[in-house]
Amino acid sequence: MYGPTPDGSLVKADPKELIRCGKYDQSVKALISYSLDEGLVLVLTVYTNEEYETLVKYILTYTNSSTIDHITKSLCPPVFDGSKGYTTDYQRAALTVGDIFMDCNAAVLNFAFNNGSFTHFFDVWPGIHVQDI
């Protein structure tokens, strides 16, 4: 959804797959930036567990139900006491979306550069997507 998308010409395959296979210019130095609450401005308001699960299924269209269940019940369960980093379904959805679209990509890029990239984590409240720019 965000970032380079295969076009068959300039980007011949999924960039994550190319990185996983080491098919990229490894001489390039990378500066990877991500923020505290990447997903806050990227999701619509989610009020219920059912809306949250629907959002995750929509985002991860081709993901099997056991993986969806693992995300919605184990990784980000409906526990709203603050121990998981959220107190509402909206915050839960924002965290999940930030992880899927931004934080995971930052981690993959850093891994591709053998943790030798320059990484910038912006955690000044509210720490929303591109606020540091």
Side-chain angles (χ1 to χ4, degrees):
M1 177 178 259
Y2 299 101
T5 301
D7 64 2
S9 177
L10 179 63
V11 182
K12 304 225 185 256
D14 183 335
K16 291 182 201 87
E17 180 64 18
L18 295 172
I19 288 169
R20 188 182 70 74
C21 295
K23 295 180 180 178
Y24 61 95
D25 185 348
Q26 297 180 23
S27 69
V28 172
K29 301 291 182 195
L31 172 61
I32 303 163
S33 176
Y34 62 106
S35 298
L36 176 69
D37 203 348
E38 288 282 6
L40 190 63
V41 296
L42 301 175
V43 297
L44 300 173
T45 303
V46 172
Y47 294 105
T48 67
N49 183 62
E50 291 73 26
E51 290 174 340
Y52 170 77
E53 289 181 0
T54 299
L55 174 68
V56 174
K57 289 174 188 173
Y58 176 76
I59 292 169
L60 301 174
T61 305
Y62 299 106
T63 304
N64 64 45
S65 60
S66 65
T67 300
I68 298 292
D69 285 347
H70 181 66
I71 292 167
T72 61
K73 293 176 177 50
S74 298
L75 296 178
C76 294
V79 175
F80 302 107
D81 60 8
S83 65
K84 301 291 183 183
Y86 47 82
T87 58
T88 67
D89 273 307
Y90 176 65
Q91 291 172 336
R92 179 181 174 210
L95 178 70
T96 304
V97 168
D99 283 349
I100 291 170
F101 289 125
M102 306 300 174
D103 298 339
C104 287
N105 287 332
V108 165
L109 283 172
N110 191 39
F111 179 78
F113 286 91
N114 295 316
N115 295 321
S117 62
F118 300 95
T119 305
H120 172 251
F121 176 57
F122 182 74
D123 65 350
V124 176
W125 191 89
I128 58 175
H129 183 64
V130 304
Q131 181 185 0
D132 56 330
I133 299 172

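Along the sequence shown, residues are numbered consecutively beginning with 1.
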Donor-acceptor list for residues 67-76 side chains, cut-off 3.5 Å, not counting sequence neighbours:
unit_1, atom_1, unit_2, atom_2, d
T67, OG1, N64, OD1, 2.9
T72, OG1, I68, O, 3.0
K73, NZ, E53, OE2, 3.4

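Considering only heavy atoms from C-beta on, E51 stays 4.5 Å or farther from D89 through its side chain. Side-chain atoms of E38 and F101, non-hydrogen and from C-beta on, never get closer than 4.5 Å to each other. Using a 4.5 Å heavy-atom cutoff, the side chains of L109 and I19 are in contact. When side chains are defined from C-beta on, L55 counts as touching V97, because their heavy atoms get closer than 4.5 Å. S35 is not listed as a side-chain neighbour of M102, based on a closest heavy-atom distance of 4.5 Å or more.
For the salt bridge (charged side-chain N to carboxylate O under 4.0 Å, His left out) condition, no pair includes a residue of residues 105-114, sequence neighbours left out. Residues in residues 11-47 take part in these ring-ring contact (aromatic ring centres under 6.0 Å, His included) pairs, two or more places apart or across chains: Y24-F113, Y34-F121.
Residues V56 and L42 are members of one and the same hydrophobic cluster, defined by side-chain heavy-atom contacts under 4.5 angstrom among Ile, Leu, Val, Met, Phe, Trp and Tyr. Residues I100 and L95 do not share a hydrophobic cluster, clusters being chains of Ile/Leu/Val/Met/Phe/Trp/Tyr side chains in contact below 4.5 Å. The hydrophobic cluster containing I32 does not contain F118, counting ILVMFWY residues as joined when their side-chain heavy atoms lie under 4.5 angstrom apart, directly or transitively.
Between Q131 and V124, the closest heavy-atom pair is OE1-O, 3.9 Å. Scanning all heavy atoms of the two residues, the minimum distance from K84 to P77 falls at CE-CG, 3.9 Å. Residue D7 comes nearest to S9 through the heavy atom pair OD1-N, 2.8 Å, listed as atom of the first residue, atom of the second, then distance. Nearest heavy atom pair, residue A93 against residue V46, reads CB-CG2, 3.9 Å.
Around atom CG of L31, more than 12 heavy atoms belonging to other residues, nucleotides or ligands sit under 6.0 Å away.
For the residue pair S117/N110, the side-chain donor-acceptor check at 3.5 Å is satisfied.
The structure places CD of Q91 at 9.5 Å from CZ of F80, a figure rounded to the nearest 0.5 Å. Atom OG1 of T48 is separated from atom OH of Y90 by 15.0 Å, given to the nearest 0.5 angstrom.
Partner D123 forms a side chain to side chain contact (heavy atoms under 4.5 Å, CB included) with one of L36, D37, D132 and no other, that one being L36.
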